[in-house]
Amino acid sequence: MRTVIEPLHEAELAACAALGAKDPGRLLGHLRWCLHTPYAEALALHVDGMLAGVATLTHFGGSSRVGAYCITDGARVQSIEEQFIDSLLRTTRAQREWPLAVQVDPEERAPWEKQGFVAEQAFQTFANGLFHEADRDEVALLEPAQALAVLHLDRQATGEDRHALLLEHRFAAHAYVDQGSVRGALLPMLGHGLVLADSADVGLELQRWLLPTQRQIIVPAGNLAAKEHLVECGYGIVERSVRLVHGEAPGLRPELVFAWPWGGV
């Protein structure tokens, strides 16, 4: 059995997107973004000349994450999947010796753990509720002068330097500003939306701003205030995922994250 792992070619975009059973359209958009983004890349897996998988990597300033990971049932043979995951690790190490994170369904964590990934944080996806109207005057469109404060808040919350990703997705971003200080941020265009805040009061208000624009909202299992607010609004859990990290975990602080952009790959 001959296995080849190489950078994704544009001619294979449609075929790779078809591997995304959950949402092929979203996967296609993500793959296109990776092909045209300097800090992202996509790898295709071929087994005996046939397309068998695709995975993407996004590189930050000191860490990386797996953005998508799709593999056919036939390629889930242990040795092939190990090769594919190992190729993601080797590609990341070519950048630097820094951590690599992936977020998967809890039932799909075994092959990653076998390669040395360790669980960092559980996440829950909520849907099908009725949101409360947001009404705080402190929330307004993000101004350029506030961008650095948002980047600082994100680094506090995630332990990662994700400035390129956040600045690229700051369109329609909002900030919660109290007496001239940025205490929270909402980036609705990043995945399913990102909400960061230094307190539950601020985070829940920004969460209310996000809910009308998203069918689903993803929150860390460790943020009890965010979860209780969603349950109060009638939302229920429709999916669970777990973030695994290979290498030293960046130090995600769930109490500062009231909406997370990504669910399981």
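Because the structure is predicted, anything quoted here is derived from the model rather than measured. Note that these values count all heavy atoms, side chains included, but never hydrogens, waters or copies made by symmetry. Residues: numbered from 1 along the sequence shown.
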Short question: side chain of Thr213, backbone of Leu210 - any donor-acceptor pair under 3.5 Å? yes

One should read off an interatomic distance between Leu88 CG and Leu57 CG, to the nearest 0.5 angstrom, of 5.0 Å

With no hydrogens and no angle check, is any side-chain donor or acceptor of Glu120 less than 3.5 Å from a backbone partner on Leu252? yes

Output for pair (Ile71 CD1, Glu108 CD), nearest 0.5 Å, gives 11.0 Å

Test your reading of the model: is there a side-chain donor-acceptor pair from Asp105 to the backbone of Ser241, 3.5 Å cut-off? no

Would the distance check show the side chain of His246 and the main-chain N or O of Gln115 forming a donor-acceptor pair, the cut-off being under 3.5 Å? yes

Side-chain contact, heavy-atom cut-off 4.5 Å: Val54 with Leu43? no

Check for a donor-acceptor pair, side chain of Gln216 on one end and backbone N or O of Thr125 on the other, with a separation under 3.5 Å. no

When the ring planes of Tyr69 and Trp112 are compared, do they come out parallel, tilted or perpendicular, using 30° and 60° as the limits? perpendicular

Close side-chain approach of Leu211 and Leu230, heavy atoms under 4.5 Å: yes

Pairwise distance CG(Leu28) to SG(Cys16) - rounded to 0.5 angstrom: 10.0 Å

Which is it for Asp201 and Arg136 under the salt bridge (charged side-chain N to carboxylate O under 4.0 Å, His left out) test, yes or no, and what are the steps along the way? CA-CA 11 Å; Asp201 184 51; Arg136 296 279 184 89; 2.9 Å; yes

Do any N or O atoms from the side chain of His174 and from the backbone of Ala172 form a donor-acceptor pair under 3.5 angstrom? yes

Thr92 and Trp98: side chain donor to acceptor below 3.5 Å: no

Within 45° of the axis and under 6.0 Å from the centre of the six-membered ring of Trp262, does NZ or CZ of Arg65 qualify? yes

Aromatic ring centroids of Tyr176 and Trp209 under 6.0 Å? no

For atom NE2 of His169, is the number of surrounding heavy atoms from other residues, nucleotides or ligands below 6.0 Å larger than 12? yes

